[in-house]
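Heads up, the thing below is written out as C-alpha cells.
When a residue number appears, it is its place in the shown sequence, counting from 1. Heavy-atom basis, side chains included; hydrogens, waters and symmetry copies ignored.
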Amino acid sequence: MRVVTTAQTTELDVQPTPLALLLLGREADPKSERGVECPGDLPSPSDPDLVERARAAKEKLGDKVFVLGHHYQRDEVIQFADVTGDSFKLARDAAARPEAEYIVFCGVHFMAESADILTSEDQKVVLPDLAAGCSMADMATAEQVAECWDVLTEAGIAEQVVPVSYMNSSADIKAFTGKHGGTICTSSNAKRALDWAFEQGEKVLFLPDQHLGRNTAVRDMGMSLDDCVVYNPHKPNGGLTADELRAAKMILWRGHCSVHGRFSLDSVNDVRARIPGVNVLVHPECKHEVVAAADYVGSTEYIIKALEAAPAGSKWAIGTELNLVRRLANRFAPEGKEIVFLDRTVCFCSTMNRIDLPHLVWALESLAEGKLVNRIEVDKETEAFAKLALERMLALP
C-alpha cells in the first residue's frame, strides 16, 4: 500500500499539491500534457523569475534539503539537483545523506518510494508533483500479481518460481518480491540478478518490464525466445495454459516502458541509412528486435560512460529518453561527437516531465516556509518486505 501523507505534524503544515499545479495543460487545452509535443522543444517556464526563486529557496533551506535529479529530467530542473543519476543510484545517494531532513526527488513516484524505503525515519521524501508516475510501474498492481501467483500455484509451479522485479516498480511489487524470496534488479545488474534467481529456483517471474527480462535472458544468458512466455494480467490465466507455464523458464509480465517501447527496427534502419558509420546504442528496455540490431546495449549510466569514452568525430544514435540524449549531444558537441536521437518522432517521457520548474519552486518554497508538501511515505509492512528484496540485490556478487 502506498501512502501520501497529508496529516499535520506539530511543526509542519502538510499540504497537498494545489489544483493550479496539477493542471499541467497549456494555452487553450487544459487536458493536454506538457512536454509531449513531438518533435519540438519543451515549453519554457511561464515565469522568468522562477529560476531565481528556486535558487533562493534552496539557499534558504541549506543542508536541510537534498535535491535528486533523474537523468530524464528537463534541464530547467536538473540544474538544481545536488546529484544526478538513475533511480537506484539516486535512492542510495539519498540514504547516504542522513543530515538532510528533506529529500526532494525530481523523478517519478516509484523512485520517491524507493528513496523513502532506504532513508531513515527522520527524513522526509517529497515528490514535487504527485501526478509524476510511471506507466510501466502502473502496469503491474499488487492485486494482479497476487492473482498471477495463484495461477502459478494452480499450475503446480509456484514453488519453482523466483520473482525478480525491475527497480521500475511500485513499493507494493517490491514487497511482493521480497515476501516470495525474490530480488530487485536494475538494468545494469539484471543478469546477476537472474543468475542468482536460477540458483534458487527453476523459473523466474520477471516484473514488470517484459523487454528487459527477455533481452537479458536471450542476449546475455543464452536462452531462446521459446524459453520465454508473456503473462498478460488482462486475460484469464494470463493468456497461458498450464503446460506453457510449466515449459517456460522466463515468465515475463506484459509491461513495457512507453518511451523505449516505441523504438522500432525501422528506427535503426533509418538512422543507419541517414548517417553512414553511426553507432547505435540503446537501452535494454527497448524491444528485442531493436536490441538485436543495435551495436551497443546498456543502462542509462552505461550510455553516458560509453559516450564519455567515445573518440572524437564518432557518430551515435541513442535509443533512450530525449532529455538525456539532447543533454549529451550538447555536452559532447565541442569534442566533435555527433549524437542524435534514434527516432525522429518519439516523445519525451510525459510523466517524468511533470516535474517542471513551477512544481519544484512550489515544493522548495513550501519547505522553506515550514510546510511539508507531497510527502511520499511507504507503510511499514510494505517497506519491510520491499527493503528485504532490495537488500538481496545489494548482496548480489
Side-chain angles (χ1 to χ4, degrees), residues 1-18 21-22 61 63-70 81-83 87-134 137-138 140-143 145 165 167-179 184 351-352 354-355 359-360 362-391 393-394:
M1 178 179 177
R2 293 176 291 177
V3 177
V4 178
T5 301
T6 57
Q8 292 191 0
T9 66
T10 55
E11 297 181 0
L12 294 168
D13 177 19
V14 183
Q15 299 181 356
T17 308
L21 283 174
L22 287 175
L61 286 161
D63 293 338
K64 291 177 65 176
V65 70
F66 191 49
V67 179
L68 307 176
H70 191 272
D82 293 302
V83 293
S87 58
F88 185 61
K89 175 182 179 296
L90 293 176
R92 294 190 72 180
D93 285 342
R97 291 290 295 267
E99 70 277 10
E101 183 178 351
Y102 307 116
I103 306 296
V104 176
F105 210 124
C106 297
V108 294
H109 198 279
F110 79 80
M111 300 178 188
E113 285 182 328
S114 297
D116 181 62
I117 291 167
L118 293 175
T119 52
S120 70
E121 292 186 8
D122 295 332
Q123 293 177 291
K124 303 168 184 67
V125 178
V126 170
L127 185 65
D129 183 2
L130 296 181
C134 171
D138 292 342
T141 67
E143 294 78 11
V145 176
S165 292
M167 190 72 185
N168 299 26
S169 59
S170 69
D172 293 334
I173 302 307
K174 290 183 177 72
F176 169 90
T177 304
K179 196 171 186 177
I184 309 302
T351 51
M352 186 72 74
R354 289 184 183 274
I355 307 296
H359 283 87
L360 178 60
W362 170 74
L364 291 174
E365 289 184 340
S366 296
L367 294 175
E369 294 169 2
K371 300 174 183 177
L372 178 57
V373 295
N374 287 12
R375 182 180 182 182
I376 302 299
E377 187 174 28
V378 179
D379 69 272
K380 297 305 177 186
E381 181 179 0
T382 301
E383 178 181 301
F385 283 113
K387 192 169 186 178
L388 179 61
L390 287 166
E391 288 174 344
M393 180 182 73
L394 293 173

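Going from atom CG of L364 over to atom CG of L61 covers 6.5 Å, rounded to the nearest 0.5 Å. One distance of note links OG of S366 with OH of Y102; it measures 10.5 Å at 0.5 Å rounding. To the nearest 0.5 Å, atoms CZ (R92) and CG (L68) are separated by 14.0 Å. Separating the CD atom in E101 from the OG atom in S120 is a distance of 10.0 Å, to the nearest 0.5 Å. Taking CG of N168 as the start and SG of C134 as the end, the distance is 5.5 Å to the nearest 0.5 Å.
Counting only heavy atoms from C-beta outward, the side chains of V108 and I355 never approach each other to under 4.5 Å. At a threshold of 4.5 Å between non-hydrogen side-chain atoms, the residues V104 and P128 count as touching. Side-chain contact check for L90 versus M111: every heavy-atom pair is 4.5 Å or farther apart. D172 places a side-chain heavy atom less than 4.5 Å from the side chain of T382. At a threshold of 4.5 Å between non-hydrogen side-chain atoms, the residues E121 and E383 do not count as touching. In this structure, D129 and W362 have side chains that are not in contact, with every pair of non-hydrogen atoms separated by 4.5 Å or more.
Here the shortest heavy-atom pairing between A175 and F385 reads O-CB, 3.4 Å. Across all their heavy atoms, L127 and G107 have their closest contact at CD1-O, 3.9 Å. Residue A171 comes nearest to I117 through the heavy atom pair CB-CD1, 4.2 Å, listed as atom of the first residue, atom of the second, then distance. The two residues I376 and A112 have their closest heavy-atom pair at CG1-CB, 3.9 Å. The nearest pair of heavy atoms linking L118 to A95 is O-CB, 3.3 Å. Across A137 and S170, no two heavy atoms sit closer than the pair CB-N, 4.2 Å.
For K89, the NZ atom counts as densely surrounded, since its 6.0 Å shell holds more than 12 non-hydrogen atoms of other residues, nucleotides or ligands. Heavy-atom contacts from other residues, nucleotides or ligands closer than 6.0 Å to CD of E369 number more than 12. Residue E99 places its CD atom among more than 12 non-hydrogen atoms of other residues, nucleotides or ligands, all under 6.0 Å distant.
Checked by atom type and distance alone, the side chain of Q123 pairs as donor or acceptor with a backbone atom of A100 at under 3.5 Å. Side chain of N374 to main chain of V126: no donor-acceptor pair is present (N/O by atom type, distance under 3.5 Å, no hydrogens or angles). For K174 (side chain) and M167 (main-chain N/O), a donor-acceptor pair under 3.5 Å exists by modelled atom type. Looking at D116, its side chain does come within 3.5 Å of a backbone N or O of V378 through a donor-acceptor pair. T351 places a side-chain N or O within donor-acceptor distance of the main-chain N or O of G133, the cut-off being under 3.5 Å.
Look at R97 and D93 and you find no salt bridge, because none of the NZ, NE, NH1 or NH2 atoms lies under 4.0 Å from a carboxylate O.
Residues that satisfy the ring pair (Phe, Tyr, Trp, His ring centres under 6.0 Å) test with F66, not counting sequence neighbours, are absent from this structure.
Residue S165 is tested with V145, I184, L390 for a side chain to side chain contact (heavy atoms under 4.5 Å, CB included); the sole match is I184.
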